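Keep in mind the model is a prediction, meaning the values are calculated, not measured. Chain letters run A, B, ... following the sequence lines, proteins first and then strands; every chain starts at 1.
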Amino acid sequence: MLGPTASGKTEMAIRLAQHFAAEIVSVDSMQVYRGMDIGTAKPTVLERNGVVHHLIDVAEPTEEFTVARFRSLGRQILDETEAPALVITGGSGLHFRALVDPLSFAPTDPDLRGELEGRETGELAAELLGADPGAAALVDMANQRRLVRAVEIYQLTGETPSSRAASAAAEDVRRYVPEIGFEAVGVDPGSGLEARVDVRLREMREGGLVDEVRSLAPRMGRNARSAVGYREVLSALEDEISMDEAFERAAAGSKKLARKQRTWFQRDPRIRWIPWIDDPDHRLGRILETFD
RNA sequence: GCCGGGAUGCCCGAGCGGCCAAAGGGAGCAGACUGUAAAUCUGCCGGCUGACGCCUACGGAGGUUCGAAUCCUUCUCCCGGCA
């Protein structure tokens, strides 16, 4: 069950899991961090209602938890679980695909990457194009991060964007042919999204988000610090902006995030979208119908 | 009351006679996406238009000029100093 933030996925997923006696696998890039609870809208133990949740709290905020690691942990869960069914739910599109699709992540090397990051974009582009004239069609040459990664992969493995794109697995990824079987439902956030984001943020603030960020701050790495809600409150705690301003920006950030998530999921042809329905029982019924 | 500073597009903010529908950022909209992905990047972003183009715009009103967001006068409102 996929969909943007504040679309009510969490509660629906838990009810769905109970219906099928299933366990939940979260595909969320930030709920993986221990201690980042309120701001990521992580379900509490109480809310989980006895349903086992995987891929939540599997990393320290100091770490830079990567999608590759997410995939390897996730596949291990899929392989080893004894649950009769799994409900995969979340809003991180790449993480979802890393879990169900044949994505294969090339190795990485922090030193090499550090070195490449210090180089001129034009130089990187020239090196890549020298090795692979077709790279321009596959790599966004304006995106330094992508360029660095492409050159990193080339230097580490000799693989070029073209050679990687030519694999059978890459073709399956492009065609959305999964590695594991699943049924996907997308929950449309509906026109009330903005209002729900505002309400949820207010609840997070009242629920102690500021204290959570304050106590977590010394332990938050680059990744964790970039989470919506956290980065804004961090700026306020560092006196760059007021706390009210921080929450206003966080609201805009959440809406933007929801947009990006929608953009990602909307082109996945495997997802069947259900319209927003206010009543949770009715909504659950609609989701179950879709699975039938 | 006097002296000085300021009012710019949804917001912040540069411009200080022509190259200005007006830098830049934010927000908004659309999109990309295989080891940072809640990241990173791309396009659009006053109105009308497919486009050429036309219209409306830089607090209000006048004026100077071939030409004004930019200069002058005056009015309104903010901010700092002196009374």
Integer angstrom distance from the [atom1] of [N] to that of [M]:
| N | M | atom1 | result |
| --- | --- | --- | --- |
| B/C20 | B/A14 | C1' | 12 Å |
| B/A51 | B/A57 | C1' | 23 Å |
| B/U36 | B/C41 | P | 14 Å |
| B/A69 | B/G59 | P | 10 Å |
| B/G28 | B/U34 | C1' | 30 Å |
| B/G18 | B/C11 | C1' | 30 Å |
| B/A68 | B/C72 | C1' | 12 Å |
| B/U70 | B/G63 | C1' | 15 Å |

Task: Gap between atom OH of A/Y230 and atom CD of A/E212 - 0.5 Å precision - done: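 One gets 3.5 Å once the value is rounded to the nearest 0.5 Å.
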Who is the Watson-Crick or G-U wobble partner of [N], with both distances under 3.5 Å?
| N | value |
| --- | --- |
| B/G46 | B/C55 |
| B/G31 | B/C41 |
| B/G80 | B/C3 |
| B/A61 | B/U73 |

Item to check | Nucleotide B/U34, atom C1' - distance to CG of A/L147 in whole Å | outcome: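 In whole Å, B/U34 C1' lies 16 Å from A/L147 CG.
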Checklist entry - Excluding sequence neighbours, so at least two apart, what forms salt bridge (Lys or Arg N to Asp or Glu O under 4.0 Å) with A/R113? => result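 A/R113: salt bridge (Lys or Arg N to Asp or Glu O under 4.0 Å) contacts with A/E152.
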Check your understanding: Within a strict 4.5 Å, meaning less than it, do heavy atoms of the A/V139 and A/L147 side chains meet?
Key ->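 Yes, side chains in contact.
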#### Entry: Nearest-nucleotide 5' precedence on RNA chain B, A/R69 against A/T263
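Upstream on the strand: A/T263.
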Taking for each residue the nucleotide of RNA chain B bearing the nearest heavy atom, is the 5' side occupied by A/R259 or by A/S92?
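Taking each residue's closest nucleotide, the earlier one in sequence belongs to A/R259.
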Classify the nucleic acid contact of A/Q266 as base, sugar-phosphate or nothing, counting any heavy atom under 4.0 Å across all strands shown. sugar-phosphate
Problem set entry | Heavy atoms from other residues, nucleotides or ligands near CD of A/E120 exceed 12 (cutoff 6.0 Å) | no
**Item:** Other residues, nucleotides, ligands: >12 heavy atoms within 6.0 Å of A/E194 CD
**Value:** no
| message | OP1 or OP2 of B/U42 versus the side-chain N and O atoms of A/N143: is any pair under 4.0 Å? | response |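 So the side chain of A/N143 is outside the cut-off, no N or O lying under 4.0 Å from OP1 or OP2 of B/U42.
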